[in-house]
Amino acid sequence: MSGLLQGKKLLVTGGSRGIGKAIATKAIENGAIVYNLDLGVDPDMESMKKLAADNNTEIYGYTADVSNEDQVVSVCKEILDHAGSIDILVNNAGITRDGLMMRMKTKDWDDVININLKSAFLMSREISRSMMKQRTGSIINMSSVVGVQGNPGQTNYCASKAGLLGLTKSLAKEIGSRNVRVNAIAPGFIASPMTDKLSEEVQNNYKAAIPLGVFGEADDIANAVLFLASDMSKYVTGQVLGVNGGLNM
Ligand code: NAP
């Protein structure tokens, strides 16, 4: 059996549900050995292990709060001790704490910035060393269309997702000479627990603004990750890949 990621080791954060789960699934189907780092244990781990076995590969689950430096340093060491090296890092874990800025609690600002942005800094710092040493690697940061164009009620979230774009481009320039690529994906509205929280009226308003007229699927993002993770994109770094049905051009 062969796939685009045959034998590659992929570490994804927040891989127990939503877009992260689709990424883990797609990676396994393409032959990758997957390390899922999430806040809690994936309740669906047994079926993920079966999927991996069916594809002659493996999945391992680890837990940590990706915004907590001590936990990230410790869990990344544990993962690297087990894996030897990581070929692909997908900084996917993220949260929203929406609200108009005038009423936003400082904790909601800090939590979003720390979990969405600081986590990518911590994870990339700990994992990129082994990539640089082996002279190959791909880091993929999960931004958002609203990090590019802004969104009322999401100053904290948009700042974190825009911050990821600056981190992506700067790190791509820092470590490109070691053949480690760093790119971002900016999903539009993807049907998931995060968008399910939006009212029907808000959902319909967004759909009206999307040239393709529908929300995307988690699998659309997993396909973009597959491209950026594989050698199909070996000459692509420092880029922001919009996967948004044309919402932003
Ligand atoms: P989701 O369903 O809410 O899943 C997020 C995952 O991240 C969960 O497994 C969650 O764990 C984990 N997580 C949250 N905080 C964490 C922490 N501190 N440490 C470790 N793991 C943590 O989200 P999603 O919709 O799949 O979104 C995935 C990514 O895509 C996010 O970065 C999001 O901002 C981005 N995005 C999503 C959309 C969309 O339309 N859905 C659009 C643009 C961008 P728990 O289950 O334990 O909380």
Side-chain angles (χ1 to χ4, degrees), residues 1-38 42 44 47-61 79 83 85-94 120 123-124 127-128 131 134 136-145 161 164-165 168 171-172 176 179-192 194 212 214-246:
M1 211 178 286
S2 70
L4 280 175
L5 304 180
Q6 200 60 44
K8 300 272 191 200
K9 290 164 189 158
L10 178 146
L11 167 53
V12 59
T13 63
S16 301
R17 63 183 164 93
I19 291 170
K21 170 79 89 187
I23 293 167
T25 302
K26 181 80 58 183
I28 288 170
E29 287 168 353
N30 278 272
I33 299 162
V34 171
Y35 290 81
N36 173 25
L37 174 56
D38 213 311
D42 182 357
D44 200 26
S47 60
M48 292 302 282
K49 280 193 182 296
K50 183 174 179 320
L51 177 74
D54 290 346
N55 285 274
N56 290 321
T57 186
E58 289 152 293
I59 179 167
Y60 301 98
I79 290 171
S85 66
I86 290 293
D87 302 295
I88 303 143
L89 167 64
V90 189
N91 289 312
N92 166 78
M123 290 295 302
S124 302
I127 296 297
S128 62
M131 293 178 167
Q134 67 178 5
T136 180
S138 173
I139 297 175
I140 300 161
N141 294 319
M142 203 55 69
S143 180
S144 168
V145 66
K161 295 300 183 179
L164 279 176
L165 303 183
T168 297
L171 188 57
N179 195 33
V180 181
R181 301 181 295 108
V182 190
N183 292 287
I185 294 175
F189 292 96
I190 305 301
S192 68
M194 209 177 257
L212 291 182
V214 288
F215 286 160
E217 295 167 6
D219 204 45
D220 295 320
I221 306 307
N223 281 329
V225 168
L226 181 60
F227 169 67
L228 291 174
S230 75
D231 287 344
M232 297 272 285
S233 61
K234 68 182 176 50
Y235 199 51
V236 180
T237 194
Q239 302 304 304
V240 182
L241 178 52
V243 184
N244 57 42

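Treat the numbers as computed from the prediction; the structure is a model and nothing was measured.
Interatomic distance, Leu226 CG to Ile221 CD1, rounded to the nearest 0.5 Å: 13.0 Å. Lys8 contributes atom NZ, which lies 12.0 Å from atom CD1 of Ile86 (distance to the nearest 0.5 angstrom). One finds the CG atom of Asp220 at 11.0 Å from the CG atom of Asn244 (value rounded to the nearest 0.5 Å). Within the model, atoms CD1 of Ile33 and OG1 of Thr57 stand 4.5 Å from one another, a figure rounded to the nearest 0.5 Å.
For Asn30, the side chain to side chain donor-acceptor pair (under 3.5 Å) criterion is met by no residue, not counting sequence neighbours. In this structure Ala93 satisfies the side chain to side chain contact (heavy atoms under 4.5 Å, CB included) test together with Thr13, Val66, sequence neighbours excluded. The side chain to side chain donor-acceptor pair (under 3.5 Å) search around Lys50 returns Asp54, not counting sequence neighbours. In terms of the side chain to side chain contact (heavy atoms under 4.5 Å, CB included) criterion, residue partners of Asp219 (sequence neighbours excluded) are, by chain and number, Lys26, Ala222, Asn223. Glu217 meets the side chain to side chain donor-acceptor pair (under 3.5 Å) test with no other residue; sequence neighbours excluded. In this view, Thr25 and Lys21, Glu29, Met48, Leu51 satisfy the side chain to side chain contact (heavy atoms under 4.5 Å, CB included) rule, not counting sequence neighbours. Applying the side chain to side chain donor-acceptor pair (under 3.5 Å) criterion to Ser233, with sequence neighbours excluded, gives Arg181. Applying the side chain to side chain contact (heavy atoms under 4.5 Å, CB included) test to Ser16 and every residue at least two apart in sequence or in another chain returns Asn36, Asp38, Asp42.
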Acceptor/donor pairs from residues 137-144 side chains to any protein atom, 3.5 angstrom cut, sequence neighbours excluded:
residue, atom, partner, partner atom, Å
Ser138, OG, Leu228, O, 2.8
Asn141, OD1, Asn91, ND2, 2.8
Asn141, ND2, Thr168, OG1, 3.0
Ser143, OG, Lys161, O, 2.9
Ser144, OG, Val146, N, 3.1

Does Val180 form a side chain to side chain contact (heavy atoms under 4.5 Å, CB included) with Thr136? I'd like the steps, not just the answer. CA-CA 5 Å; Val180 181; Thr136 180; over 6 Å; no

Apply the test side chain to side chain contact (heavy atoms under 4.5 Å, CB included) to residues Leu5 and Ile88: give CA-CA distance (whole Å), side-chain angles for both, the deciding distance (0.1 Å), then the verdict. CA-CA 10 Å; Leu5 304 180; Ile88 303 143; 4.0 Å; yes

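A 4.5 Å side-chain heavy-atom check between Leu11 and Leu37 finds at least one atom pair inside the cut-off. Looking at Leu89 and Met123, their side chains come closer than 4.5 Å, going by heavy atoms from C-beta outward. Here the side chains of Leu4 and Phe227 are not in contact, with every heavy-atom distance at 4.5 Å or above. The side-chain heavy atoms of Asn92 and Ile19, taken from C-beta on, include a pair separated by under 4.5 Å.
No side-chain N or O of Gln134 forms a donor-acceptor pair with one of Asn179 less than 3.5 Å apart.
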